[in-house]
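Remarks on the structure that follows.
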Amino acid sequence: MPHFLQNLRSRLSKLHDLFHWPLASLRGYLTAVIIVATVPMSGLACYLVVQETLAGNQALEDSLLRTASTFALTVEREMVSSIDALAILSYSDSLQRDDVAGFFATLTALPKMRSTWSSAYLLELNGDVIFNTRQPPGKPLEKISDRSALERLIRTGGPEVTSLMEGPNGQRTTGVLVPVFVQGKVKYALGAWITPANWQKLMNGVTIAPGGFVSIFDSRFQIIARSLDPQRFVGQPLPLGAQQVMGDQIAGIQRAQVASDKSTDVYVAWKRIPLANWGIGVGVPAAPIDRNHARSIATALGAGMLSLAAGLALAMLVARRVTKPLQQLAVGGPQAVQHPSEVRELALLQSALRVLEMQRELARERLQAKADEFETLFQNSPIGLAIAQDKDCHSVLRNPALAAMFNELEDGHLPPHVVLKEGQELLPDEQPLKHAALTGAKTSDVELDVVHQDGRALRLIAHAAPLYDHAGRPRGAIGAYTDITERKHAEEALITAERRLRESQHMVELAQAAGHVGFFDYEFVPDRTTWTSGMAPLFGIKLAEFDGTWDAWIKLIDESDRQQVQDTLQTATRQKQEQAVFEFRTSLPDRSVRWLSGRVVLKYDESGQPLHMIGVMVDATQQKSVELARADFVAREQAARVEAENANRAKDEFLAMLGHELRNPLGAIAAASEVLNRLGSENPAALSARQIISRQTRHLARLMDDLLDVARVITGKIMLTRHPLDLAQATQRLVTTLEVSGMLKSHTLQIELEEVWVQADGTRIEQIIYNLLTNALKYTPDGGHVKATVRKEGDMGVLEVSDSGVGMTEPLLSRVFDLFVQGDRSLDRRQGGLGIGLTLVRRLTELHGGNVAARSEGHQQGSTFIVRLPLVAPESTALPGPQDTSMPNRHVVVVEDNEDVREALQVLLSLAGHSVFTAEDGQAGAQLVIDTQPDIALIDIGLPKLNGYEAARLIRQAGYKGQLVALSGYGQPKDVAQALEAGFDAHLVKPVDPRALEALMNKV
């Protein structure tokens, strides 16, 4: 028997043995049919009921988890919102200045903090509560009980949320903490108390089944809030079993017992909040759910048993009419049945069996002959053959040739591979055999690339023809594959070699011409050089003009470089170097000079004598020029940078020293002027002199302030203290000041003011307004008009100052805001300036997020300056009440090395009724303060023997508790900070403002 049929029969036999049925009566099989028909249906019904129950249970679990996750997101959002709000408060100007009292005032002045906060508080890093907004300042405060959260905040520098702990007044509460960075370091922790009641409010929007609950627990598994019976559970720990099940899991669900009632089971889902390691628990009673599950399963099982009993009874009744004739047919064959059966199918079966027996024998003989012929052809063909026995190609027979092409495995399966057609991967349905089996379309002469998992690639020519069933539909396909890999490789190698040869030759020529490169090969014996086409142009000659000897080559090198090239090559050959590099110049026919750089590889014989020098020559002229230019540029740039840095440093030192040196005489003049004013002489000449001294002192002081301010603005060292400000009120105050000072007596000033609120530093806004108004008055002749307008334009507030003065031409208009730029100054101008006022206006406006512009129609056409600042909502402020201006008598010590300033301050304070003692150096001044213990001491910073900082530290170490005030010509923020750090309580800039001095005296 042919091998093919034997294999087929063997497989069918194994399949029959695998599914062998036991010997039994037909009645038994009919009974089994009923059982088989009934049991699966009953089982399916039970399965569906169980699945529905499980699905309901899963839906419940999903709902609980979803509710837990949703509520966890709500709690997390509240935490994040609180952290963001606290982070914004931590960057408050008062807190950054370490003004804790000011920050407390700012917090308590807020109309409303977050609704979930019971209060806000500030912590030292050791856990001490500095203040609590619910408690008045000065009341003793406790430490925070959750020190672990504070330690994590210090260690990580990030926000933290505490566990449930004892809060103010012994109440349970939770806290949200953020670090407060001062000068880049964590100095405090700013927090907010959130009570369980506030967390409880978040549960109002959570929908849960009757009897269910929602709870919040902290990282220590303490219940913070609970929707059901919170008074009973808040502060209680979760059951130990629940804690162990949860562990560090982010989310989950379990069946558990209520902590207080161990007989009541619930289904609980939990969700962790990573931000605080808190958790959300959502639970529903388990008993109603379990009862519904049990009732559904019992109903399904009862229905199944009833169906099975009814089926068995019917099977026994019908089996009697079928079993007897079938038994006769089975035992004796078609001839053994004497009477036709009442069952039509059994009668037809008897007749059919007789005909079938004769046809089967004839068909078997024909099929055997064809199978033998096909088996021989299939197994011995050198062409790969495949037969798909179904349209989806699940069963495919392959001959040995095809199996070798695809590396067929021992179990008859193909290893992974990729089939490509014209470089595109073919899907399984697009491959020839399966395409023919699915669509019935024939495929011929298709070239395919087959890439195996091990990297082996084949080029095949494929043919495929479909097989049809009796209805003319495709039921499979036959495919033939021919391996043409070697032939294709040979063709491609030949084509590639020819193409590369042509391309390489062309690329070498182009590369040499484009890159100014040439290649050469020099043979030491017999002194012969071979140049490529790129070498000759480098020397400015034609290739035919070079005779190929080393002497001819040396003559082309510049005389000053020949010896150096010779020495380089001689050293390389003497030391048996394999590589050498040299540079030289060559003169071209047009008398220009070209730099060439050569890199060579040297070959030697067995005795060490040089044989070949192979190398490349490159035009390095441009590179040399760039290197020389770069070196020159770097030298000039470094010199310019050093010069600029020196000039900038000298400018800063000059401005600082100028301000300091002018403030000393200004201080003396100002104090002396105030003394004269208080003496009250009615002599008109004395009165006029005092007024002149006072005006000019204020003018010089303002010039110095402007000069130092513009330096701080330009270097970015100025700090703004912003608050809502009515621009109209600020303008009105400046106008009133100018009227009182008499600066408007020669001009007409018109004002149109509309209420406009901006977020600004009041002092700096007044500088802007003052500079614009005084600039308009300065460049407007006597009798001229000046107009100041404050109005709104969209979302911007506008301050506009216009005048009828000298105007500006286009060159000046484009530079009017530059430093030290001024308009033409006539001889009758009585007020001068440094040309820095408008620069300060522009820089201060930009620091406030606004802009400034200037307009003028030309010479003698007047000028207009427009400042625009962003609007903010108006702020309601209470009017200040009357203040007590009386000053009590104080015991005062003045330490100042400048005699005029010291005497002027002594007289000024004595006239105010104070007892004044003076010293002229730091050592004597410190001893005087320690001995006399005055109410207040005014100490200059620049003192001999001991400077002001050293004197202040010495005084504080001696136990002095009074007020120390620093006097200095330097008023930058770092100077103020240094004075406060040394032990001073306040800092005054020279010349001392009498009003500021009076305010300090009143505070003592």
Side-chain angles (χ1 to χ4, degrees), residues 75-183 185-202 216 218-220 222 224-225 234-235 275-278:
V75 175
E76 187 174 21
R77 285 176 179 168
E78 177 59 32
M79 292 178 179
V80 172
S81 299
S82 298
I83 289 172
D84 291 342
L86 290 172
I88 293 172
L89 291 174
S90 70
Y91 288 98
S92 170
D93 290 340
S94 57
L95 196 54
Q96 292 298 312
R97 295 192 307 269
D98 208 11
D99 184 4
V100 175
F103 181 61
F104 177 83
T106 300
L107 284 183
T108 55
L110 290 175
K112 183 179 180 183
M113 292 188 289
R114 292 187 61 80
S115 60
T116 55
W117 295 3
S118 60
S119 65
Y121 56 95
L122 189 67
L123 295 176
E124 293 281 0
L125 296 186
N126 60 2
D128 291 336
V129 179
I130 301 175
F131 69 74
N132 187 332
T133 56
R134 281 292 182 89
Q135 297 175 274
K139 183 177 180 180
L141 299 172
E142 67 285 352
K143 287 180 174 286
I144 186 171
S145 60
D146 190 353
R147 292 299 305 277
S148 60
L150 183 60
E151 290 172 357
R152 289 194 302 273
L153 179 141
I154 297 171
R155 184 174 64 256
T156 64
E160 291 291 334
V161 180
T162 71
S163 301
L164 187 66
M165 58 183 179
E166 292 294 327
N169 301 324
Q171 297 178 348
R172 290 192 181 98
T173 187
T174 61
V176 179
L177 296 173
V178 298
V180 178
F181 290 89
V182 177
Q183 295 182 353
K185 296 182 178 179
V186 178
K187 188 166 185 180
Y188 303 106
L190 180 61
W193 297 120
I194 303 179
T195 65
N198 287 330
W199 292 118
Q200 195 83 24
K201 293 178 183 178
L202 298 179
I216 306 174
D218 60 17
S219 60
R220 295 183 292 190
Q222 296 181 97
I224 298 173
V234 170
L275 178 63
N277 202 20
W278 286 15

Exercise for the section: Under the side chain to side chain contact (heavy atoms under 4.5 Å, CB included) rule, collect the residues that match up with Ile154, sequence neighbours excluded. Expected result: Leu125, Leu150
Exercise for the section: Output all residues satisfying side chain to side chain contact (heavy atoms under 4.5 Å, CB included) with Gln222, sequence neighbours left out; order by chain, then residue number. Expected result: Leu164, Asp218, Arg220
Problem - Contacts of type ring pair (Phe, Tyr, Trp, His ring centres under 6.0 Å), residue Tyr121, not counting sequence neighbours - result: Trp193
Completion exercise
Sorted by chain and number, sequence neighbours left out, ring pair (Phe, Tyr, Trp, His ring centres under 6.0 Å) with Tyr188 holds for none
Problem - Summary of salt bridge (Lys or Arg N to Asp or Glu O under 4.0 Å) pairs that have at least one residue in residues 143-153, sequence neighbours excluded - result: Asp128-Lys143, Arg152-Glu160
Fill in the blank from the handout: Ser163 meets the side-chain hydrogen bond (donor to acceptor under 3.5 Å, both in side chains) criterion, sequence neighbours left out, with Ser219
Completion exercise
Applying side chain to side chain contact (heavy atoms under 4.5 Å, CB included) to Ala225 and not counting sequence neighbours gives Trp199, Gln200, Met203, Ile216
Fill in the blank from the handout: Heavy-atom nearest pair, Thr116 first then Asn198, reads O-ND2, 2.7 Å
Completion exercise
Taken in chain and number order and not counting sequence neighbours, the residues that satisfy side chain to side chain contact (heavy atoms under 4.5 Å, CB included) with Asp99 are Ser94, Arg97, Ala101
Handout entry: Counterpart residues, side-chain hydrogen bond (donor to acceptor under 3.5 Å, both in side chains), relative to Trp278 (two or more places apart)
Key = none
Fill in the blank from the handout: Asp98 meets the salt bridge (Lys or Arg N to Asp or Glu O under 4.0 Å) criterion, sequence neighbours left out, with Lys187
Completion exercise
Those residues at least two apart in sequence (or on a different chain) that pass salt bridge (Lys or Arg N to Asp or Glu O under 4.0 Å) with Glu78 are Arg114
